[in-house]
Amino acid sequence: MKTSPAANELLEWYDRHARTLPWRVSPEDRRLGVVPDPYHVWLSEIMLQQTTVAAVKDYYVKFLSLWPRVGDLAAAPEEDVMKAWAGLGYYSRARNLKRCAETVADQHEGSFPETAEGLLALPGVGPYTAAAIAAIAFDQPAAVVDGNVERVMSRLFEITTPLPEAKPEIKAVMTALTPASRPGDFAQAVMDLGATLCTPKRPACSLCPWSSGCEARASGLAETLPRKAPKKTKPTRTGAAFVALRESDNAVMLRRRPPKGLLGGMSEVPGTEWSVDADEAGFVLSAPLQDSGTDLDWRPVAGVVRHTFTHFHLELTIFRAHVPDSTLLPGNCWWSAPAELPDEALPTVMRKAIEAAF
DNA sequence: AACGCGTGGAA
DNA sequence: TTTCCAAGCGT
């Protein structure tokens with residue numbers, strides 16, 4: 001099969017410099033006939049959405065250990081999936097992951113659709129992920145466009161139109177560049193290039209296999225591309241979290257968050273709303289177990305827990321109280337002993353809050 | 001179309 | 001300390 005010179009240059013670079021990743025079939029193994037498992041490709045791509053390779057690795061290994069095949073994940077309780085995902089962020093991905101596994105198991109006889117169009121219909125699979133699975137798992141010449149590809153292409157062709165307006169043009173040049181042979185390795189090669197050489201800051205152009213043909217390298221604009229709209233500043237919200245400790249064993253009182261929205265479906269310690277104009281003086285009035293029959297001694301813990309979400313900063317004041325074992329819990333709450341906390345579906349902000357109380 | 005949605009590492 | 005941002009998706 002014929003490959004464009006540009007694609008060949010990059011594929012030769014990839015053959016020598018491809019990163020070794022737990023979910024990746026190396027170019028050498030590919031040549032020997034090793035075929036990627038679509039389940040592995042899908043799982044890794046969902047985890048990698050807006051998430052660094054370093055953060056994903058351990059989660060990927062753990063998920064494959066817990067659920068070796070897509071049918072295992074489909075059969076798992078959603079609660080277990082949320083627990084295993086805890087800490088990785090963007091928790092709607094975990095719920096969609098479970099729904100997608102069920103769809104593949106129940107409606108596709110356990111096999112992933114092999115076209116980008118079919119993949120696009122799956123929960124949690126958007127244009128990027130559909131193209132990535134089609135190319136990497138099924139060897140189809142789909143144009144795979146992620147943040148790395150946007151950066152590489154905007155520099156290679158000196159696209160000065162700001163994102164997201166430039167997306168159609170970037171998609172077009174990636175489509176034109178994607179070879180019929182080794183489209184999966186090509187997609188991974190462009191992403192590796194963006195991750196290791198064509199980086200957002202201080203790109204290593206001297207090491208780049210595409211440097212001689214790169215328009216932004218020639219004009220000196222490389223580091224300024226791609227152009228993006230300025231970010232909005234994040235407001236700071238404040239609130240309180242209440243760590244109730246059972247007297248006999250220091251078990252922590254937990255409850256479930258609503259299924260949608262921020263940290264949807266995850267576990268938490270009880271707390272106030274998080275608002276920009278919180279009434280800090282009245283925090284303790286919102287403490288749980290007010291009608292438990294015992295007058296609980298809620299005490300503020302020194303220092304404030306700071307955490308940053310996608311669109312706001314949070315400053316949490318932590319209150320702590322010891323609670324008699326006989327205390328009746330609200331119906332939506334449960335006790336979690338210290339030894340059980342690591343396995344709870346606690347997002348990082350809640351682990352920080354609990355940690356501050358100990 | 002623009003916004004909501006986590007986290008941790010780098011600079 | 002603060003900002004930036006990393007293999008996006010759903011609404």
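Quick note: numbers below take in every heavy atom, side chains included, and nothing from hydrogens, waters or symmetry partners. Letters A, B, ... are given to chains in the order of the sequence lines, protein chains preceding strands, and every chain is numbered from 1.
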Nearest to the side chain of [X], heavy atoms from C-beta on, is which of [options]?
X: Q49(A); options: dT7(B), dA6(C), dG8(C); value: dG8(C)
X: K234(A); options: dA6(C), dC5(B), dC5(C); value: dC5(C)
X: T310(A); options: dC5(C), dC5(B), dC9(C); value: dC5(B)
X: Q50(A); options: dT7(B), dA6(C), dC5(C); value: dA6(C)
X: R151(A); options: dC5(C), dA6(C), dT7(B); value: dA6(C)
X: H307(A); options: dG6(B), dC5(C), dG8(C); value: dG6(B)
X: V349(A); options: dG6(B), dT7(B), dG10(C); value: dT7(B)

Is it the case that one hydrophobic cluster holds both L73(A) and L66(A), taking links as side-chain heavy atoms less than 4.5 Å apart, direct or via other members? yes
For [X], which contact category applies under a 4.0 Å heavy-atom criterion: base, sugar-phosphate, or nothing?
X: W85(A); value: nothing
X: R24(A); value: base
X: P347(A); value: sugar-phosphate
X: G194(A); value: nothing
X: T129(A); value: sugar-phosphate
X: I46(A); value: nothing
X: L21(A); value: base
X: V125(A); value: sugar-phosphate

Aromatic ring proximity, centroids under 6.0 angstrom, W298(A) and F283(A): no
Just checking H311(A) against F309(A), ring centres under 6.0 Å apart? no
With respect to the phosphate group of dC5(B), does any side-chain polar atom (N or O) of H311(A) fall under 4.0 Å of OP1 or OP2? yes
Say whether, by atom type as modelled, one donor and one acceptor occur between the side chain of K62(A) and the main chain of A84(A) under 3.5 angstrom. yes
Pairwise P distance, dC9(C) and dG8(B) [rounded to whole Å]: 22 Å
Where each residue is assigned the nucleotide of DNA chain B containing its nearest heavy atom, which of Y91(A) and K232(A) is assigned the position nearer the 5′ end? K232(A)
Earlier contact from the 5' end, DNA chain B, for A54(A) and R93(A): R93(A)
For P127(A) and K201(A), find the nucleotide of DNA chain C closest to each by heavy atoms; which residue's nucleotide sits nearer the 5' end? K201(A)
Contacts of T233(A) and P200(A) projected onto DNA chain C by closest heavy atom; the upstream (5') one is T233(A)
Establish, for the pair R257(A) and W274(A), whether the NZ or CZ atom is under 6.0 angstrom from the six-membered ring centre and no further than 45 degrees off its axis. yes
How long is the gap from CG on L341(A) to CG on N250(A), to the nearest 0.5 Å? 10.0 Å
State whether the distance check finds a donor on one side and an acceptor on the other, under 3.5 Å, for side chain T51(A) versus base dG6(B). yes
